[in-house]
Structure formats: C-alpha cells, structure tokens
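Reading through the structure tokens given below for one structure.
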Amino acid sequence: MFRVRFAPSPTGYLHIGSARTFIFNWLFARRHDGTMILRIDDTDAGRNTQTSEDSIFDGLRWLGLDWDEQYRQSERLDLHATLASKIFEAGHAYRDFTPAEEAAEKAHATGAATWLCNPDMRELPREESDRRAAAGEPFVLRFRVPREPVRDITFTDEVYGAQSKSTADIEDFALLRSNGLPTYHMASCADDADLRISHIIRGQDHLTNTFKHILIFDALGATAPRFAHLPLLIAPDGAKLSKRKHGPVVSVTTYRDAGFLPEAYINFLCLLGWNPKDDREKMSINEIAAIFSFEGINRSNAVVNFSDEDPIDPKALWLNSQHLYALPVDTLASRLEPWAAGAGWSPAPGQLLQIAPLIRERMKTFRDFASVADFFFLEPLPPFDPAELVPQKGDTAMAAKVLERAKTVLAAAEFTHDGLDQALRAAAAEIGVKAGQMFQPIRVAACGRKVAPPLFETLAVLGRELTLVRLDRALAMLRS
RNA sequence: GGCGCUAUCGUCUAAGGGUUAGGACGGAGCCCUCUCAAGGCUCAAAUACGGGUUCGAAUCCCGUUAGCGCUACCA
C-alpha cells in the first residue's frame, strides 16, 4: 500500500510549485490506490501564520483535490523528541553547546567554505555532555555524520536515478534546536517514518537533503522511503519563483481570480515537468491519473512563461480555452453564474444557457465573460461612436438605409438563426448592399461594437423587442 | 568556495546510437467567413561549447561553460 504526503509549511500562500507537488503526489496516490496525506509542517513557530494556512487550504479547495489523512507537525512534537533522543542514545547524535552567535561567527569566519563539524563538541565525553545539559546549558542536538572512515551515501531517485554523496561532504546538521524544537530534517523524517510514508515526492531543492534524511532513517532503524524529486518551476529569468521578486504570479489564487478552470490549471501544471509520451495536451486529472508515472517526469527545471505585460503563461490560457470549450453547455452556464453576479448582472432564468454557446470560444478565461457578454445585460448600451455604424465602403446614408430597412424586416421576421439569415440577406439584396454591409450596422446597433458573436444567433437571444429598440436608438444617433 | 543536479526551437516538450530532430503554445502568412473568435493549411524557429567512444552520437564517456539547488538552531 503506497502512502504519500504533501507537507507545506504555512509561511506564505499556496505557491504554484507547491500546488504542483501536491498534484503529483495526488496523482501517484490515485494511480496506485494509495493514501494521500496532508501534513502541515509548522515547526517554525516564528514564521507560521494562520493567514498562510488558510490560503493554503483555500488554494487546495479551489483545485478540488482531496486527501485521505491530515496531520499537523506541531501536534507531534513528542514523537519528534522521542525519536531524537533515540538517535542520541544510539550514539548517532551529540550535544553541541556552542552558543548560536558564536556558531554564526565561526561559519562566517570560514567564509563560504564547507563547515563540517566542531570536533570539540562532537568528541565531548558523554559525562561532561550530560553534566552541562543537566546544568541547563542550552545545546543543539547534531547528527554525528559517520566519517571515519568516510563513506558514500547512495539511493536511487525515481526521477533522477542513482545518487551518491560522500559523508565527507555532509555537515553535522542539527536535529533539535536549542529551544528543544525539532528542525525540519528531524521532524520530517520522524513523521515520514511514523506515518509509514512509502514515497516522498517533493521538489528537487530537497535532492541534496535526501542524503541527510537517509542518515536519519538509518539511525532510526527505519527503512527509508523511495524518493522522487521533481524539477523546479522557475521564472523566465531563470530564478526560483518568489513573491518578492515575481509578485502574484507565484500564487494559485492569481489563476483562480483570473477566471481559470481548476481542471485546466491542473492540466497546465502537470505539463510542466511531466508528459504523457504521446502528443496529448488537453487532459482531465482523471485521464492523467490513469497513466501517471515517474518515467514521464523529466529532470530539468521548467520555466513558467510570464512577463510584466502578461502575468499568465500563454499556454495556460490556451489550455483553459480548450477546457472551456469542452464543457457541456449547461455546466458552462452554471459556472458563469458567479461571474455574471460579479459583473453586477442578474441573468434571467435560462439566459446564460442561451448565451453560453455564443461566447464559449470567445473567452480564454471567465474573466473575459464581462467584456464578451456585456451587451446581453446592459440596457441601454454604453455610449459608442456613431461612426461605428457605418459599414465598410459605405457612408452614413448607407448605415441609415440599412437600419431603416432592418427595422421593417425585423419587425416581421422569425427570430431564429435561419429566419434572420433569410430575411436579412434578402433585405440586403433588395436595397443593393452586400451582406456584410447589411450586417455590420445592425451588429453595432444591437451590440454597441463591431466585434461580437455571430449576428443571427445574437439577435435571436436578444429578441425582437430589444433589437428594435436598439435599432431606433442607433438611427437617432445617426441623425443627430 | 565545496558538494549535488541540469542543459533540444522564445516557452512546454518528443526522439533513451541510424528520423528531412516530431508535437504544442506563442509569432508570421493563407484558407474558411456577416465582425471577432474557433477551425484548417503553410512558414520561420532548437540539439550550449570542445574533445572522445562508434561504421554512425541530441542520445554513451570526459572536460568547459552556464543555470539551479544544498551548504541555517528555514522549510
């Protein structure tokens, strides 16, 4: 039985890289009927905030992906302490009484040179260590990285393959801070062992940490899980995505607020660093879950292609439009409701159902809804330049003639696609203008602009009464 | 600095010894067409560099360069 976990630390909002990590874990769990665990890694009390935790849940809720078990690291401190002392008692860790300031100074003094350990502390006799601890002297518990002799720590990453690192290059890292709280390495491994995590799927920034983690699992007498590291998401400038430097593009809420379909956004994220090995692009999460495997994950970082002018990756936009188009009309209509309300409109029952098919291929995201569908809801129309009413290769007189003729024809025509098609084409022929010259003034009169959905369907939805009112108003504009 | 990882069109990627190096987004053009979209077709666009191994290298090896990561009592 496979068990995986997503372990965010609540120190910001849900980052898109974190969201992707969650998704890949979820995919792996669902693919293998495994268990998906959400664990809040909140051992750094100083940096955690409730707001951040809320925004992580908000983000996950929007994505619509579930999990099976949930834990909070701060509620498991006893376990961490117990396992840390187990490591200490087994001789795999020692107390380092060096004051924090002094340690920082020392690290500074050596420049950026590799710091391995403080031999004085590492070799401190147990009796003295016990005595000083009993006297209340603060200490950091450090892992005693085996180095006599030096040996290689190895593991096989599911994505990156065979990995190896010499213990000569691993410093004696901290397990417990001087305030008694576990470090990330300690808490994470203790929980992973206790929760019997079978696969750790996380960002590649943890690849080198894995050697330390294997050391901890060994010291604990636990079998290390399998590891799968994911290539990172980076900015176009090659830097790691950060809020400070790149702004809101790194938050999933940006995409939610931009009117993305969560399923499309998930699709987009999946295609960053993973591919199905065929040419499929638009896929549902379930389609992906059915074929997901580590083999499809590549090893180089992926750029999220945003810019100052456009904070959204064009491919994400395209994928969203594909998902939008694939939505059944009634589903689309109901998804449109909040956006109509957000624009301040109150659609009549069934109105969105009529509008949806006319605008579905004209929206990249829901945010386009307001600008694409406004004329269905605004009455009267916002002011527009009467010159817009003039057709190609025509003049004001032609516009007026067209609108006059349209009035009489539309007063009688059947308001369906075919009825309007026949009536208006016949009218154009009668007054000697081209079809396009006939349609354009009517479109502008009815929609308030030149760019709109196809005329016949649009008029059919608008209805005879409103159409005639707008034709009259346009005619009046022309005459004034 | 040390250690680790990575390197195919602008971007996401396919091709794991033999291909005119394929697809997608974006860009350009054409077609379709009542405008705009959508759709169809076409074009431009890549194996970082240098050495090997091999009959043959994007693919394997070494080096260089570049990027990223780790090097905290952050995660």
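We name chains A, B, ... by the order of the sequence lines, and we start the count at 1 in each one. Hydrogens, waters and symmetry mates play no part in the numbers below; they use all other heavy atoms, side chains included.
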Could you measure between the two [atom1] atoms, the one in [N] and the one in [M], and give it in whole Å?
N: B:A7; M: B:C49; atom1: P; result: 14 Å
N: B:G51; M: B:A15; atom1: C1'; result: 25 Å
N: B:C12; M: B:A48; atom1: P; result: 14 Å
N: B:C68; M: B:G29; atom1: C1'; result: 39 Å
N: B:A14; M: B:U47; atom1: C1'; result: 13 Å
N: B:A57; M: B:G16; atom1: C1'; result: 12 Å
N: B:G69; M: B:A46; atom1: P; result: 29 Å
N: B:C74; M: B:G67; atom1: P; result: 30 Å

By the 4.0 Å heavy-atom rule, please label [X] as base, sugar-phosphate, or nothing.
X: A:Arg449; answer: nothing
X: A:Ser178; answer: base
X: A:His206; answer: base

Using nucleotides 27-30 of chain B, report all nitrogen or oxygen pairs with the protein that are shorter than 3.5 Å.
none

Exercise for the section: Could you please name the option among B:C25, B:G69, B:C73 that lies closest to any side-chain atom of A:Asp205? Expected result: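 It is B:G69.
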Exercise for the section: Go through residues 208-217 of chain A and report each residue with a non-hydrogen atom lying under 4.0 Å from RNA chain B, sorted by number. Expected result: A:Thr208, A:Asn209, A:Lys212
Go ahead and name the base partner of [N]; Watson-Crick or wobble counts if both distances stay under 3.5 Å, otherwise write none.
N: B:G39; value: B:C31
N: B:C70; value: B:G2
N: B:U64; value: B:A48
N: B:U8; value: none
N: B:G18; value: B:C55

Separation of [X] atom [atom1] from [N] atom [atom2], in whole Å?
X: A:His185; N: B:C70; atom1: NE2; atom2: P; result: 10 Å
X: A:Phe143; N: B:C73; atom1: CZ; atom2: P; result: 16 Å
X: A:Tyr184; N: B:U71; atom1: OH; atom2: P; result: 11 Å

Handout entry: Phosphate OP1/OP2 of B:A24: any A:Arg280 side-chain N/O under 4.0 Å
Key = no
NZ/NE/NH1/NH2 to OD/OE distance under 4.0 Å, [X] and [Y]:
X: A:Asp191; Y: A:Arg76; answer: yes
X: A:Arg144; Y: A:Asp172; answer: no
X: A:Asp278; Y: A:Arg280; answer: yes
X: A:Glu75; Y: A:Arg72; answer: yes

Practice task
Please work out whether the ring planes of A:Phe143 and A:Phe173 are parallel, tilted or perpendicular, with thresholds of 30° and 60°.
Solution key: parallel
Handout entry: By salt bridge (Lys or Arg N to Asp or Glu O under 4.0 Å) - contacts of A:Glu295 (at least two apart)
Key = none
Handout entry: Pairing residues for A:Glu430 by the salt bridge (Lys or Arg N to Asp or Glu O under 4.0 Å) criterion, not counting sequence neighbours
Key = A:Arg405
Exercise for the section: Measure centre to centre between the rings of A:Phe456 and A:Phe439, then say whether the value is under 6.0 Å. Expected result: yes
Problem - Check against side-chain contact (heavy atoms from CB on, under 4.5 Å), A:Phe292 and A:Phe24 - result: CA-CA 9 Å; A:Phe292 181 78; A:Phe24 281 21; 4.2 Å; yes
Exercise for the section: With sequence neighbours excluded, give me every side-chain hydrogen bond (donor to acceptor under 3.5 Å, both in side chains) pair touching residues 357-374 of chain A. Expected result: A:Asp374-A:Arg449
Exercise for the section: Could you note down all residue pairs passing salt bridge (charged side-chain N to carboxylate O under 4.0 Å, His left out) where residues 384-393 of chain A supplies at least one of them, sequence neighbours left out? Expected result: none
Sequence neighbours left out, cut at 3.5 Å: what donor-acceptor pairs do the side chains of residues 316-329 of chain A make with other protein atoms?
from     : atom 1 : to       : atom 2 : distance (Å)
A:Ser321 : OG     : A:Trp318 : O      : 2.7
A:His323 : NE2    : A:Asn267 : OD1    : 2.8

Practice task
Report the residues that fulfil side chain to side chain contact (heavy atoms under 4.5 Å, CB included) with A:Asp120, sequence neighbours left out, ordered by chain and then residue number.
Solution key: A:Asn118
Which donor-acceptor pairs under 3.5 Å do the side chains of residues 206-214 of chain A make with protein atoms, sequence neighbours left out?
from     : atom 1 : to       : atom 2 : distance (Å)
A:His206 : ND1    : A:Asn209 : ND2    : 3.1
A:Thr210 : OG1    : A:Arg202 : NH1    : 3.1
A:Thr210 : OG1    : A:His206 : O      : 2.9
A:Thr210 : OG1    : A:Leu207 : O      : 3.1
A:Thr210 : OG1    : A:His229 : NE2    : 3.2
A:Lys212 : NZ     : A:Glu171 : OE2    : 2.8
A:His213 : ND1    : A:Arg202 : NH2    : 2.9
A:His213 : NE2    : A:His185 : ND1    : 2.8

Protein-nucleotides 32-39 of chain B N/O pairs under 3.5 Å:
from  : atom 1 : to       : atom 2 : distance (Å)
B:C34 : OP1    : A:Arg425 : NH2    : 3.0
B:C34 : O2     : A:Arg443 : NH2    : 2.1
B:C34 : N3     : A:Leu455 : N      : 3.3
B:U35 : O2     : A:Lys450 : O      : 3.0
B:U35 : O2     : A:Ala452 : N      : 3.0
B:U35 : O2     : A:Ala452 : O      : 3.1
B:U35 : N3     : A:Ala452 : O      : 2.5
B:U35 : O4     : A:Pro454 : N      : 2.9
B:C36 : O2     : A:Arg362 : NE     : 2.6
B:C36 : N3     : A:Arg362 : NE     : 3.4
B:C36 : N3     : A:Arg362 : NH2    : 2.8
B:A37 : O2'    : A:Glu361 : O      : 2.3

Fill in the blank from the handout: In B/S/- notation (B base, S sugar-phosphate only, - none; protein heavy atoms under 4.0 Å), nucleotides 5-14 of chain B written 5' to 3' is SSS---SBSS
Throw together a table of side-chain donor-acceptor distances under 3.5 angstrom for residues 418-429 of chain A, partners on residues two or more places apart or in other chains.
from     : atom 1 : to       : atom 2 : distance (Å)
A:Asp421 : OD1    : A:Arg425 : NE     : 2.6

